S.K.: 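Dropping the structure in here first, questions after.
Model, not experiment: these values are computed from the prediction.
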Amino acid sequence: MTVELSGSRVITAFTDYVLVSKPKVKMRVSTVCSVLLSALASFATAAQPERTVDIFAWPLSAAKPQALTKIAYNSTTATVKTYKTPLISADEQIVRIGFFHPDSSTSWNGIATSASNLAPAKDKTLQILLNTDGVIYHVGFAAFESPVASRSGAKGDGLRVEVVPMRPGPVVHMNKPVVLDAEGKLADKEPEKTFLQKYWWAIGIFLVLQLVMAGSKE
């Protein structure tokens with residue numbers, strides 16, 4: 001007997017056969033599918049364009065900034081390519097952290113933080129804020145005491161990078177439109193009905209039943 005099936009029907013028939021009669025093969029097929037999906041996700045991430053940005057540390061009293069780190073990033077992940085602890089004088093209190101826009105060597109965008117936050121003993125987190133095109137438009141910075149350094153006394157220049165994509169803001173929900181009367185004024189609300197207006201029919205039925213019951217007794 002010859003059976004002719006199209007490509008999609010052959011795949012469906014084979015899948016049904018595997019799921020029903022080959023439980024061990026079913027597990028292998030599931031594993032293969034999971035590996036393929038993971039590979040596709042990795043390929044999609046790798047296919048995204050990678051950009052780089054130079055982040056600088058600029059003490060408030062300094063005439064020019066110092067190179068702090070070079071970051072390679074895409075829309076989901078970021079990698080620290082280089083990092084150098086900045087040289088900051090002991091009496092410096094404020095340090096600006098930011099970058100120059102690619103189209104201008106004088107257009108600066110950044111934030112200010114305490115100079116102590118750049119100490120080697122602190123764990124540092126740099127946030128890369130991306131616009132809808134996946135391009136950096138701002139940075140964020142946070143630092144806190146490293147628990148490892150506090151226990152062992154060791155100092156590290158750890159810098160962690162987070163990518164923060166731009167998300168759509170909340171949508172304003174408009175109220176119901178204002179209803180105006182023929183004269184262009186606000187329509188008067190209907191007056192609330194009284195108890196008698198609401199339940200007159202029930203009272204009428206009750207009175208009729210009372211009359212019928214009284215007549216039957218006589």
Side-chain angles (χ1 to χ4, degrees), residues 7-8 11 15 28-60 62-88 92 94-149 155-173:
S8 60
I11 294 174
T15 304
R28 295 178 182 176
V29 171
S30 300
T31 303
V32 171
C33 292
S34 299
V35 172
L36 288 176
L37 291 175
S38 300
L40 289 174
S42 300
F43 177 76
T45 302
Q48 295 181 9
E50 185 178 78
R51 299 179 172 89
T52 58
V53 60
D54 294 317
I55 305 297
F56 297 90
W58 196 344
L60 201 60
K64 59 181 181 179
Q66 306 175 34
L68 180 66
T69 179
K70 177 184 284 292
I71 304 296
Y73 68 94
N74 56 30
S75 62
T76 56
T77 60
T79 305
V80 178
K81 293 296 185 181
T82 61
Y83 177 79
K84 182 180 179 181
T85 302
L87 300 176
I88 303 174
E92 191 71 56
I94 303 297
V95 176
R96 292 164 290 187
I97 296 176
F99 63 98
F100 292 99
H101 289 270
D103 54 351
S104 175
S105 60
T106 59
S107 181
W108 167 270
N109 198 320
I111 52 96
T113 186
S114 173
S116 61
N117 287 335
L118 293 171
K122 288 193 174 183
D123 287 338
K124 295 165 278 291
T125 300
L126 179 69
Q127 290 182 325
I128 304 294
L129 282 67
L130 307 182
N131 59 20
T132 54
D133 296 327
V135 180
I136 182 173
Y137 73 91
H138 200 52
V139 295
F141 185 81
F144 51 91
E145 294 291 342
S146 173
V148 176
K155 295 183 178 181
D157 296 332
L159 177 67
R160 190 165 62 94
V161 185
E162 294 180 352
V163 174
V164 183
M166 181 176 290
R167 295 181 175 85
V171 179
V172 178
H173 297 281

S.K.: Can you name the closest pair of heavy atoms from Asn74 and Pro49 and give their distance?
M.R.: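 Scanning both residues, the minimum pair turns out to be CB-O, 3.6 Å.
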S.K.: Do Val163 and Leu130 pass the side-chain contact (heavy atoms from CB on, under 4.5 Å) test, and can you show the C-alpha distance, the side-chain angles, and the key distance before you say yes or no?
M.R.: CA-CA 7 Å; Val163 174; Leu130 307 182; 3.5 Å; yes
S.K.: Starting at OG1 of Thr79, measure out to OH of Tyr73 and round the result to the nearest 0.5 Å.
M.R.: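 It is 12.5 Å, given to the nearest 0.5 Å.
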S.K.: Can you give me the closest heavy-atom contact between His138 and Ile136, atom names plus distance?
M.R.: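 Looking at all heavy atoms of both residues, the closest pair is O-CG1, 3.6 Å.
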S.K.: Which distance, rounded to the nearest 0.5 Å, do you find between the OH of Tyr137 and the NE2 of His101?
M.R.: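 NE2 of His101 is found 11.5 Å from OH of Tyr137.
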S.K.: Taking all heavy atoms of Ala143 and all of Asn117, pick out the closest pair and write down the distance.
M.R.: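 Looking at all heavy atoms of both residues, the closest pair is CB-O, 3.4 Å.
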S.K.: Got a sec, which residues hit salt bridge (Lys or Arg N to Asp or Glu O under 4.0 Å) with Lys70, two or more places apart in sequence or on another chain?
M.R.: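 Lys70 satisfies salt bridge (Lys or Arg N to Asp or Glu O under 4.0 Å) with Asp54 once adjacent residues are dropped.
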S.K.: Identify which one of Ile55, Thr69, Val161 satisfies the side-chain contact (heavy atoms from CB on, under 4.5 Å) criterion when paired with Tyr83.
M.R.: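 Single pass found, and it is Thr69.
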S.K.: Using every non-hydrogen atom in the two residues, find where Trp58 and Ala63 come nearest and quote the distance to one decimal.
M.R.: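 Between these two residues, the closest heavy atoms are CZ2-O, 3.6 Å.
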S.K.: I need the Ile71 CD1 to Lys81 NZ distance, nearest 0.5 Å.
M.R.: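 Result: 10.0 Å between the selected atoms.
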S.K.: Give a yes or no on whether the backbone of Lys122 and the side-chain of Lys124 come within a donor-acceptor separation of less than 3.5 Å.
M.R.: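 Pair found, side chain donor or acceptor close to backbone of Lys122.
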S.K.: For the CG atom of Leu68 and the CZ atom of Phe141, what is their distance to the nearest 0.5 Å?
M.R.: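 It comes to 7.0 Å.
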S.K.: Let me see the working for Arg96 and Ile111 under side-chain contact (heavy atoms from CB on, under 4.5 Å), right down to the final yes or no.
M.R.: CA-CA 6 Å; Arg96 292 164 290 187; Ile111 52 96; over 6 Å; no
S.K.: Return the minimal non-hydrogen interatomic distance between Val139 and Gly110, and the atom names on each side.
M.R.: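 Heavy-atom minimum between the residues: CG2-CA, 4.1 Å.
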S.K.: Kindly give the heavy-atom pair with the smallest separation between Gly140 and Leu129, and that separation in Å.
M.R.: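 Distance-wise, the nearest heavy atoms are N-CD1, 3.9 Å.
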S.K.: Check for a donor-acceptor pair, side chain of Asn131 on one end and backbone N or O of Asp133 on the other, with a separation under 3.5 Å.
M.R.: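 Yes: the side chain of Asn131 pairs with the backbone of Asp133.
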S.K.: What's the spacing between Ile88 CD1 and Gln66 CD if we round to 0.5 Å?
M.R.: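 Rounded to the nearest 0.5 Å, the CD1-CD separation comes out at 6.5 Å.
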S.K.: Among Pro59, Pro86, Ser114, Ser116, find the residue that satisfies the side-chain contact (heavy atoms from CB on, under 4.5 Å) test when tested with Glu92.
M.R.: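 Exactly one pass, corresponding to Pro59.
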S.K.: Look at the aromatic rings of Trp108 and Phe100 and report parallel, tilted or perpendicular, splitting at 30° and 60°.
M.R.: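 Taking Phe100 first and then Trp108, their aromatic rings stand perpendicular (interplane angle over 60°).
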S.K.: Rounded to the nearest 0.5 Å, how far apart are CG of Leu159 and CG of Leu126?
M.R.: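 These two atoms lie 5.5 Å from each other.
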S.K.: Using modelled atom types and a 3.5 Å cut-off, is there a donor and acceptor pairing between side-chain atoms of Arg51 and backbone atoms of Gly134?
M.R.: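 Checked: pair present.
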